[in-house]
Enquirer: 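Below are the structure tokens for one structure; questions will follow.
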Amino acid sequence: MISLWTIASLTLKEAFRRKTYIATLLVAVIFICWSLLRMPFHPGMSSSPDAMSADQNPQAMADGVGKFFAWLGCGMIKFFSSVMAITLAAGAISTEIDKGVLSVIVPKPLSRVTIYLGKWLGLLIYLAASIALWAALLVFVVWHLTGSFHPRILVGVLATCLFPLLFTTLTLCFSTFASNALAAGLSLIAAGISLADDLLLSLSTMLQNDTLKTISSLVGYIVPIGKMNHWITRGLGTSGFDPTTLRNPLASAATSADLVYICVYIVAALGVGIWVFQKRDL
Amino acid sequence: MQQTQPELAISTEHLRKVYGGSMGRAPFVAVQDLTFSVERGQVFGFLGPNGAGKTTTINILLGNVYPTQGSAQLLGQPIGNRDVRAKIGFLPEKFQFHDFLTADEFLDLHGRLYGMSAAQRRTRIPEVLEMVGLTARRHSKLREFSKGMQQRAGLAQAILNDPDLVILDEPTSALDPMGRRDVREIVSALKAQGKTVLLNSHLLSEIEMTCDQVAILKAGQVIKQGKIDDLLSAPTTVQMRILNQTPATGRALEKLTGKLEVSGEWVSVTIKDEAIIPELVAAIVEGQSKLMSLVPMRETLEDLFIRVVETGGDQ
């Protein structure tokens, strides 16, 4: 257990050394800049009934603005945390093998499983700390702009955490057999495949094509990003400014089965990564 | 009478490692059929030309690389045993440590990975830093170190856990003469403490000075193994400077050694036993010649290495 934390803390220090905290701070600065906005979002820009009523109801307007920034903030957290996860995890194993760093650590009296899990944990702690900072700022921004606390933001951010969790696990798994660039590339391809999920579903409905619907469903299982998005929607709730609703009016509701599948998927990716790392030569 | 078997620190049986061979890649045999053993308490030199399979063998012993065939034991246990790993120290040939750490932090990290307690680390880290001559730089970051200083830090890491077996892969490649002397002293100190050292180095003069036994590898196989004294007791050349050379002196030397090589005042003979040297001196004096100098030219490890590698050794 001590070895696990030692590797995790070493991974954390390595992340700091790579100056990824600059990205963390950059996103934080963006959130802080939002808080400087004096003009609330104009409700006329939306056609939703909620927002339309905001002209007459300041509370509804504040809710609309709050939801808009919650969605925008969660979208940013999702994007930046995923990019950071891929960047950090892509070289976590392969680069250290190439440099010869691991050849001094592996002969120590600890298992390769411990080394792998330590790295995974270290990366997740770093990302969790970044997300915690961003979430705190987001809550503050929304409170500052609307004058009220929106607890659903926290639920939305919690669902958003699935993204860095999945990309860290997946990219670290790729990093056990692929070079830094290839591991990152494979993760981006996986993300690209998953984007086809919603697109194919929309097309299948428009064209009334069951094959496309089946493919869409399959794609959703290959990389369950669509299912994770549904959980963010469930966390934040829909609104007139809900970009998911605009992008995909056919988005299905988040189900517990989806969440179970996401968890199984992450555990499986972790297992595969550990297995490959145990079997490979350094 | 039954002979007791010496305790072995390292033993390998028909180790073989083949890289590639799948997905259209041509197989590459790094280690062919390696069988050798190292007794406990010895300083063992692991020699061979580039690509002979030395580093691959070391990586197999340490669990960094899995053998395709064969088996190996370290300190009497199969490779990979975690208790045994706690008793092994290793300095790799190609290394890059976490250079954002200070020397102190670096050793503390590796002490933790060895499972050493905080108290053990507090005592041991200053000791090993002193041994490798880095006490004054203990708070400097490794990235500020020269290559030689990094190698010293690596060596400190390799002996941090007071190991029973130390595996050093080219430990002096980046060191200056003083650094090399320090490493020799550390190896001698380890030997005096009864530790086993496996030393892989291209600096044959150092191997000759520090090692008890050597194994010479070529193409993934041991082609010569034995005690250095035994390996180097092969025919010795004696070079003499003789003035006033007479036919009687020539005949007497020829009778004692079989063949003379004469080049002006210089006479060179090959002898099988150094005990014959006083007879050579007597023959020169009796032949009315003047012996100005006599230098027994013992074969060096480098001579042996080149000869064995070029001829294929005992194979």
Side-chain angles (χ1 to χ4, degrees), chain A residues 1-22 88 91-119 121-123 126 176-178 180 182 274-282, chain B residues 17-20 30 55-56 58-68 74 79-101 105-106 108-118 121 141-143 153-154 157-158 160-161 163 165-167 169:
Chain A
M1 202 62 184
I2 293 169
S3 301
L4 184 77
W5 287 112
T6 304
I7 298 287
S9 66
L10 185 65
T11 309
L12 263 173
K13 287 177 184 170
E14 177 71 22
F16 270 98
R17 186 193 67 83
R18 293 176 68 182
K19 295 189 170 60
T20 34
Y21 59 85
I22 292 175
L88 289 171
I93 302 284
S94 55
T95 306
E96 295 213 343
I97 290 174
D98 292 344
K99 285 182 176 174
V101 173
L102 281 181
S103 64
V104 195
I105 291 176
V106 168
K108 298 285 191 297
L110 64 160
S111 67
R112 289 196 184 191
V113 178
T114 306
I115 296 171
Y116 191 91
L117 287 179
K119 288 196 165 292
L121 203 61
L123 294 174
Y126 182 81
T176 56
F177 60 86
N180 189 346
L182 186 58
I274 289 172
W275 186 79
V276 175
F277 184 55
Q278 277 194 302
K279 293 290 172 190
R280 72 159 291 170
D281 290 334
L282 299 183
Chain B
K17 178 64 188 177
V18 183
Y19 289 106
T55 298
T56 303
I58 286 174
N59 277 323
I60 290 173
L61 294 176
L62 293 163
N64 286 339
V65 168
Y66 295 105
T68 310
L74 294 181
I79 45 175
N81 182 297
R82 213 177 294 176
D83 293 336
V84 168
R85 282 182 177 191
K87 298 174 188 167
I88 295 174
F90 171 53
L91 172 65
E93 180 188 7
K94 287 177 190 161
F95 59 85
Q96 186 176 335
F97 302 126
H98 297 93
D99 59 4
F100 51 90
L101 300 175
E105 290 168 342
F106 166 72
D108 190 66
L109 164 75
H110 283 272
R112 283 169 192 266
L113 294 177
Y114 274 123
M116 295 167 73
S117 68
R121 296 197 303 271
K141 289 196 188 302
L142 294 185
R143 66 164 161 256
Q157 168 272 145
L160 180 64
N161 57 329
L165 169 63
V166 185
I167 298 176
D169 198 356

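Hydrogens, waters and symmetry mates are skipped; everything else that's a heavy atom, side chains included, is used.
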Enquirer: Return the option, out of A/Val104, A/Leu10, A/Val101, A/Thr6, with the maximum number of heavy-atom pairs under 4.5 Å with chain B.
Expert: A/Leu10
Enquirer: Examine whether an atom of B/Glu93 lies under 4.5 Å from a heavy atom of chain A, and if so say whether it belongs to the side chain, the backbone or both; otherwise answer neither.
Expert: neither
Enquirer: Would you give the length of the straight line joining atom OG of A/Ser103 to atom CG of B/Leu62, rounded to the nearest 0.5 angstrom?
Expert: 9.0 Å
Enquirer: I need the B/Lys141 NZ to A/Arg17 CZ distance, nearest 0.5 Å.
Expert: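 These two atoms lie 11.5 Å from each other.
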Enquirer: Quick one: what part of A/Arg280 sits under 4.5 Å from any heavy atom of chain B, side chain, backbone, both or neither?
Expert: backbone
Enquirer: Which bit of A/Lys279 comes within less than 4.5 Å of chain B, counting heavy atoms only: side chain, backbone, both or neither?
Expert: backbone
Enquirer: Taking every non-hydrogen pair under 4.5 Å, which of B/Asn81, B/Leu109, B/Leu61, B/Asn161 racks up the most with chain A?
Expert: B/Leu109
Enquirer: For the residue pair B/Tyr19 and A/Asp281, what are the closest heavy atoms and their distance?
Expert: CE2-OD2, 3.9 Å
Enquirer: To the nearest 0.5 Å, what is the distance between CG on A/Leu110 and OH on B/Tyr114?
Expert: 11.0 Å
Enquirer: Tell me, for B/Leu101 versus chain A, whether the close heavy atoms (under 4.5 Å) come from the side chain, the backbone, both or neither.
Expert: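 Answer is side chain: those atoms of B/Leu101 sit under 4.5 Å from chain A.
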Enquirer: Tell me whether the count of non-hydrogen atoms from other residues, nucleotides or ligands lying under 6.0 Å of CG in A/Leu182 goes above 12.
Expert: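 It does: A/Leu182 CG has more than 12 such atoms within range.
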Enquirer: Can you tell me which portion of B/Lys87 sits under 4.5 Å from chain A's heavy atoms? Options are side chain, backbone, both or neither.
Expert: neither
Enquirer: Is chain B contacted by the side chain of A/Glu96, its backbone, both, or neither, given a heavy-atom distance below 4.5 Å?
Expert: side chain
Enquirer: Quick check for you: among B/His98, B/His110, B/Arg112, which has the greatest number of heavy-atom pairs under 4.5 Å with chain A?
Expert: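 Of the candidates given, the most pairs with chain A belong to B/His98.
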Enquirer: Given that the side chain runs from C-beta out, which part of B/Leu113 has a heavy atom under 4.5 Å from chain A: side chain, backbone, both or neither?
Expert: both
Enquirer: Is there a side-chain contact between B/Phe100 and A/Glu14 in this structure, where contact means two heavy atoms from C-beta onward sitting under 4.5 Å apart?
Expert: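 A side-chain contact under 4.5 Å exists here.
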Enquirer: Below 4.5 Å from any heavy atom of chain B, which atoms of A/Ser111 appear? Answer side chain, backbone, both or neither.
Expert: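 Looking at A/Ser111, backbone and side chain both touch chain B.
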